[in-house]
Novice: 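Below: one structure in structure tokens.
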Number of protein chains: 2
Amino acid sequence: MLLLDIGNTNVKYFDGHRVWRERVEAFQLPDAPFYYICVNPRVEEKLAASAYGQDLKAWFDFPTRYSGLGVDRIAACYTVEEGVVVDAGSAITVDLMRGGVHRGGFIMPGLSSAKESFANISSKLICDPHREVDLTQLPQNTADALIYATINPIVLMIEEVRGDLPLIFTGGDAKRLLPFFKDARFRENLVFEGMQKAIKEKRNAC
Amino acid sequence: MLLLDIGNTNVKYFDGHRVWRERVEAFQLPDAPFYYICVNPRVEEKLAASAYGQDLKAWFDFPTRYSGLGVDRIAACYTVEEGVVVDAGSAITVDLMRGGVHRGGFIMPGLSSAKESFANISSKLICDPHREVDLTQLPQNTADALIYATINPIVLMIEEVRGDLPLIFTGGDAKRLLPFFKDARFRENLVFEGMQKAIKEKRNAC
């Protein structure tokens with residue numbers, strides 16, 4: 001069973017054992033059956049023409065008041081009963097789950113977006129997203145100021161929502177953010193686990 | 001006395017009475033004496049060729065441990081003894097002044113940068129920076145989620161630094177941010193006031 005998680009930057013594949021990714025520009029339709037979720041409007045057309053692809057979007061039984069919640073966020077939350085789910089990719093999505101119900105969430109620009117934003121404002125504002133940063137001290141130079149202003153807003157926004165709930169990270173930039181939180185958990189395949197759960201439920205219902 | 005505050009997006013003019021601005025791309029050297037500060041590397045060359053322009057950069061007596069502090073931030077802080085100074089333009093700079101001494105600060109992407117970042121991530125992420133937003137509720141749709149994630153990080157970052165200190169806003173987006181803070185003050189000409197103070201000190205010293 002091949003699963004595809006198609007985002008704005010990358011396509012992630014999971015064959016039940018191994019995960020791999022490619023740039024979305026290089027995406028080719030698989031020539032064998034596959035299940036997918038897709039948030040990328042440019043790829044959706046391509047997928048509609050596929051004889052093998054099964055869109056999982058309608059398979060998630062996911063009550064929420066949030067209108068227009070991306071299917072990637074639904075999948076990431078789908079195996080979480082209680083907690084704050086952070087998917088840190090080209091965007092950073094943050095979603096609150098309580099009692100198995102989605103209670104709202106938000107989207108921030110991802111780490112590479114922040115770097116780009118600074119570069120677009122001025123050629124002097126070169127932010128290294130991997131630079132070490134001490135969030136307990138006000139910055140005393142430009143390089144520190146930029147990384148501080150990249151990481152700290154994300155930390156403050158997540159801590160504000162979190163309260164006493166478990167914190168679960170996934171996505172390509174998760175490991176960069178993890179050290180700034182106490183008791184946060186990294187679940188690399190969180191989205192695929194959600195997709196697997198939806199498929200299993202569908203099979204059981206048939 | 002004509003003062004020019006040359007930023008990354010706009011040039012602001014002050015003739016002692018009136019303030020006006022133009023896009024930096026349209027900037028022409030004035031053909032009469034003027035004082036200026038400039039953080040835009042592309043304009044600096046042009047200014048170097050001017051017979052009339054006096055750069056104020058070296059005129060500020062501004063002790064700080066912060067290396068590479070932009071002269072616009074110095075000017076904005078120059079008349080502030082105690083407080084957090086926020087200049088909300090294409091970048092949002094935040095600087096802490098205590099006992100007349102600069103204690104550090106940081107730079108965030110401005111409101112229009114956040115809008116651009118979202119649009120670059122996905123055509124579905126259209127953020128209206130003027131949309132009303134309730135920061136006490138987790139968003140329940142994409143439009144609310146984007147404006148929440150634009151405004152709240154700025155609010156949290158500034159509140160964290162502020163403590164009990166006065167909060168002083170300037171810059172083109174100041175009025176958009178002001179309602180989210182208690183007892184914040186708007187000083188439209190804060191940068192020009194700093195420039196005027198530096199000129200006065202120089203004259204008194206001569």
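Basis for what follows: all heavy atoms, side chains included, without hydrogens, waters or symmetry-related copies. Numbers restart at 1 for each chain; the letters A, B, ... are given by sequence-line order, proteins then strands.
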Novice: Within the side chain of A/Gln140, is there an N or O that forms a donor-acceptor pair under 3.5 Å with the backbone of B/Thr64?
Specialist: no
Novice: Pick one of side chain, backbone, both or neither for A/Val94, based on which atoms fall under 4.5 Å of a heavy atom in chain B.
Specialist: neither
Novice: Could you check which of A/Ala143, A/Gly105, A/Ala114, A/Pro41 has the highest count of heavy-atom pairs closer than 4.5 Å to chain B?
Specialist: A/Gly105
Novice: For A/Arg98, is the CZ atom crowded, meaning more than 12 foreign heavy atoms sit under 6.0 Å from it?
Specialist: no
Novice: Heavy-atom count check: over 12 atoms from other residues, nucleotides or ligands less than 6.0 Å from A/Glu25 CD?
Specialist: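 Yes, enclosed.
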Novice: Is chain B contacted by the side chain of A/Leu69, its backbone, both, or neither, given a heavy-atom distance below 4.5 Å?
Specialist: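 When you check distances to chain B, no heavy atom of A/Leu69 falls under 4.5 Å.
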Novice: Answer yes or no: does atom NZ of B/Lys57 have more than 12 heavy-atom neighbours from other residues, nucleotides or ligands under 6.0 Å?
Specialist: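 No, not enclosed.
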Novice: Mind checking the CG-CD1 spacing from A/Asn40 to B/Ile121? Nearest 0.5 Å is all I need.
Specialist: 12.5 Å
Novice: Within a 6.0 Å radius of atom CZ on A/Phe186, are there more than 12 heavy atoms belonging to other residues, nucleotides or ligands?
Specialist: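 Yes, CZ of A/Phe186 has more than 12 neighbouring heavy atoms, counting only those of other groups under 6.0 Å.
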Novice: Given a strict heavy-atom distance threshold of 4.5 Å, which part of A/Leu125 is in contact with chain B: side chain, backbone, both, or neither?
Specialist: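 Looking at A/Leu125, just its side chain touches chain B.
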Novice: Can you check whether B/Pro153 reaches A/Met108 side chain to side chain, under 4.5 Å on heavy atoms?
Specialist: yes
Novice: Does CG belonging to A/Asp31 count more than 12 external heavy atoms closer than 6.0 Å?
Specialist: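 Result for CG/A/Asp31: open.
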Novice: If we define contacts as heavy-atom pairs under 4.5 Å, which of A/Glu116, A/His102, A/Arg103, A/Arg42 has the most with chain B?
Specialist: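 When all of A/Glu116, A/His102, A/Arg103, A/Arg42 are compared, A/Arg103 has the most.
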Novice: Nearest 0.5 angstrom please: A/Cys127 SG to B/Ile107 CD1, how far?
Specialist: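 So the SG of A/Cys127 and the CD1 of B/Ile107 are separated by 10.0 Å.
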Novice: Please flag which part of A/Glu160 lies under 4.5 Å from any non-hydrogen atom of chain B: side chain, backbone, both or neither.
Specialist: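 For A/Glu160, the contact with chain B is made by the side chain alone.
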Novice: Between A/Asn152 and chain B, which part of the residue has a heavy atom less than 4.5 Å away: side chain, backbone, both or neither?
Specialist: both
Novice: Just do the side-chain contact (heavy atoms from CB on, under 4.5 Å) check on A/Tyr66 and B/Thr142 with the steps written out, would you?
Specialist: CA-CA 8 Å; A/Tyr66 192 109; B/Thr142 305; 4.3 Å; yes
Novice: Using the rule side-chain hydrogen bond (donor to acceptor under 3.5 Å, both in side chains), only one of B/Ser90, B/Ser113, B/Ser117, B/Ser112 pairs with A/Ser117; which is it?
Specialist: B/Ser117
Novice: Of the listed residues (B/Ala149, B/Gly7, B/Pro139), which shares the most heavy-atom pairs with chain A below a 4.5 Å separation?
Specialist: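 Greatest number of close heavy-atom pairs with chain A: B/Pro139.
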